[in-house]
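Only one structure is covered here, and it is reproduced in the block below.
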Amino acid sequence: MSTLPPVLHKPTLPVIGSPLFIISNPQLVIEQCKAGIVGSMPALNARPAAQLEDWLAEITETLAAWDRAHPEQPAAPFAINQIVHKSNDRLEHDMQVCAKYKVPIVITSLGAREDVNQAVHAWGGIVLHDVINNKFAHKAVEKGADGLIAVAAGAGGHAGTKSPFALVQEIRAWFDGPLALSGAIATGGGILAAQAMGADFAYIGSAFIATHEARAAEAYKQAIVDGTSDDIVYTNLFTGVHGNYLAPSIRAAGLDPEHLPESDPSKMNFGGGAAAKAWKDIWGCGQGIGAIQEVTSTADLVARLRREYQAARERLLRP
Ligand SMILES: Cc1cc2nc3c(=O)[nH]c(=O)nc-3n(C[C@H](O)[C@H](O)[C@H](O)COP(=O)(O)O)c2cc1C
């Protein structure tokens with residue numbers, strides 16, 4: 001565990017609700033923050049780009065009103081995810097809107113950029129950069145990221161192949177700043193395990209897809225309730241980068257999840273129309289969904305994680 005910047009002391013459960021392409025929206029972010037965990041969404045989910053300003057206004061005003069009404073239980077801070085890959089032609093616009101709203105936490109993925117980090121620092125925010133190996137972790141910190149998100153094997157969306165044990169121990173050997181761990185975490189015990197390994201936060205995505213607030217088809221939510229790790233397929237076919245997806249959605253698209261071709265790396269695309277189409281029909285999902293038994297509200301999901309986390313701590317501390 002590390003010394004955290006003040007903004008990361010605010011969550012009352014050590015969890016960051018991770019950004020989910022297409023799925024995260026202001027309702028999900030607001031409910032996550034009200035429940036005491038960091039809420040986040042990709043800037044690219046606001047379409048057209050002008051909608052980002054409306055969404056940031058809605059999030060900041062709603063959370064400020066919540067804080068006034070509940071001074072004893074203030075909301076956790078929120079984060080906006082920026083895809084800093086060259087295929088994102090909205091980055092400059094979206095960064096300007098984030099600057100206007102002084103977004104407290106920016107999560108960067110797919111590349112690390114010094115200019116983006118400096119811009120966030122200029123308005124008083126912090127940057128967490130997501131990485132799938134120790135080499136990228138070094139690069140991100142050299143370029144000025146304040147903290148890291150270790151995306152281990154089994155994570156939903158673009159995921160790495162490293163064991164969380166290997167990844168966290170290699171990063172913690174030299175980095176004592178804020179560190180979140182992601183990959184198949186869906187229980188309170190999993191959150192405590194991430195901390196026991198040396199992470200400060202669990203970074204949880206797929207579990208939040210099966211909430212009322214998530215902008216996902218009901219069939220997608222139900223597939224998460226019904227599925228287990230056996231239903232998750234790791235492939236680079238859909239975006240050019242390896243990620244985890246639900247097999248039933250691949251079958252529904254007329255493909256055989258057991259025999260998928262390799263992708264063409266020159267067609268990498270993370271933000272444009274083709275990417276949106278792939279992610280709409282082919283459902284990204286991590287391996288942790290065996291713990292998801294129902295579609296529920298975000299508040300109820302966080303309440304379950306909190307209960308389980310407290311129970312796990314008590315169990316471990318018992319003499
Ligand atoms: C459907 C889906 C969409 C995602 N979209 C993004 C994204 O736009 N940006 C990003 O940085 N990570 C994205 N991720 C990755 C998550 O932020 C996070 O790393 C992952 O969900 C954590 O693993 P878990 O799903 O097993 O909890 C996505 C994951 C999923 C499942």
Side-chain angles (χ1 to χ4, degrees), residues 16-24 40-47 49 52 79-95 97-98 103 105-120 125-162 167 171 178-183 203-206 234-245 262-280 282 284-286:
I16 299 172
S18 71
L20 301 164
F21 190 44
I22 302 178
I23 296 167
S24 324
S40 76
M41 66 174 191
L44 288 173
N45 280 12
R47 280 166 201 260
L52 183 60
I80 292 297
N81 172 227
Q82 297 286 15
I83 303 291
V84 296
H85 187 262
K86 59 182 180 331
S87 66
N88 179 7
D89 57 11
R90 279 179 42 178
L91 184 61
E92 200 178 321
H93 165 272
D94 291 352
M95 284 294 291
V97 183
C98 287
V103 167
I105 304 167
V106 171
I107 294 171
T108 52
S109 15
L110 297 166
R113 295 227 335 225
E114 221 164 335
D115 56 336
V116 171
N117 296 334
Q118 283 167 358
V120 177
I126 65 160
V127 177
L128 306 178
H129 186 71
D130 78 5
V131 296
I132 56 166
N133 61 36
N134 195 26
K135 189 174 105 195
F136 289 154
H138 273 286
K139 267 195 189 163
V141 171
E142 277 160 22
K143 294 204 168 164
D146 304 279
L148 296 168
I149 299 158
V151 183
H158 294 136
T161 53
K162 303 276 188 190
L167 198 49
I171 293 173
L179 177 62
L181 174 63
S182 109
Y203 191 75
I204 301 181
S206 298
Y234 188 63
T235 175
N236 67 354
L237 179 63
F238 304 111
T239 63
V241 169
H242 274 94
N244 283 311
Y245 302 89
E262 287 284 301
S263 82
D264 173 356
S266 67
K267 304 236 164 53
M268 280 211 247
N269 183 334
F270 304 108
K277 186 165 175 5
W279 285 84
K280 199 154 176 292
I282 308 292
C285 188

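Counting from 1, the numbers follow the sequence of the chain as shown.
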Taking the side chain as every heavy atom from C-beta outward, state whether [X] and [Y] have any atom pair closer than 4.5 Å.
X: Leu91; Y: Arg113; answer: yes
X: Met95; Y: Val120; answer: yes
X: Asn117; Y: Lys143; answer: yes
X: Arg47; Y: Ile22; answer: no
X: Ile105; Y: Leu128; answer: yes
X: Ile107; Y: Tyr203; answer: yes

Nearest non-hydrogen partners of [X] and [Y], listed with the distance:
X: Leu148; Y: Ala137; value: CD1-CB, 3.8 Å
X: Val84; Y: Gly111; value: CG2-O, 3.0 Å
X: Arg90; Y: Ala46; value: NH1-O, 2.8 Å
X: Ala112; Y: Ala140; value: CB-CA, 3.9 Å
X: Met41; Y: Leu52; value: CE-CD1, 4.3 Å
X: Phe238; Y: Thr235; value: CE1-CG2, 3.6 Å

Are the side chain of [X] and the backbone N or O of [Y] linked by a donor-acceptor pair below 3.5 Å?
X: Asn45; Y: Leu20; value: yes
X: Ser206; Y: Gly286; value: yes
X: His85; Y: Ser109; value: no
X: Asp130; Y: Ile149; value: no
X: Tyr234; Y: Ala153; value: no
X: Asn88; Y: Ile83; value: yes
X: Asn244; Y: Ala155; value: yes

Quick one: [atom1] on [X] to [atom2] on [Y], what's the gap to the nearest 0.5 Å?
X: Leu110; Y: His129; atom1: CG; atom2: NE2; result: 8.0 Å
X: Ser40; Y: Ile80; atom1: OG; atom2: CD1; result: 7.5 Å
X: Ile282; Y: Tyr245; atom1: CD1; atom2: OH; result: 8.5 Å
X: His138; Y: Ile171; atom1: NE2; atom2: CD1; result: 8.5 Å
X: Ile132; Y: Thr161; atom1: CD1; atom2: OG1; result: 6.5 Å

Under the side-chain contact (heavy atoms from CB on, under 4.5 Å) rule, what do Gln82 and Asp94 come out as? Steps first, then yes or no, please.
CA-CA 8 Å; Gln82 297 286 15; Asp94 291 352; 3.7 Å; yes

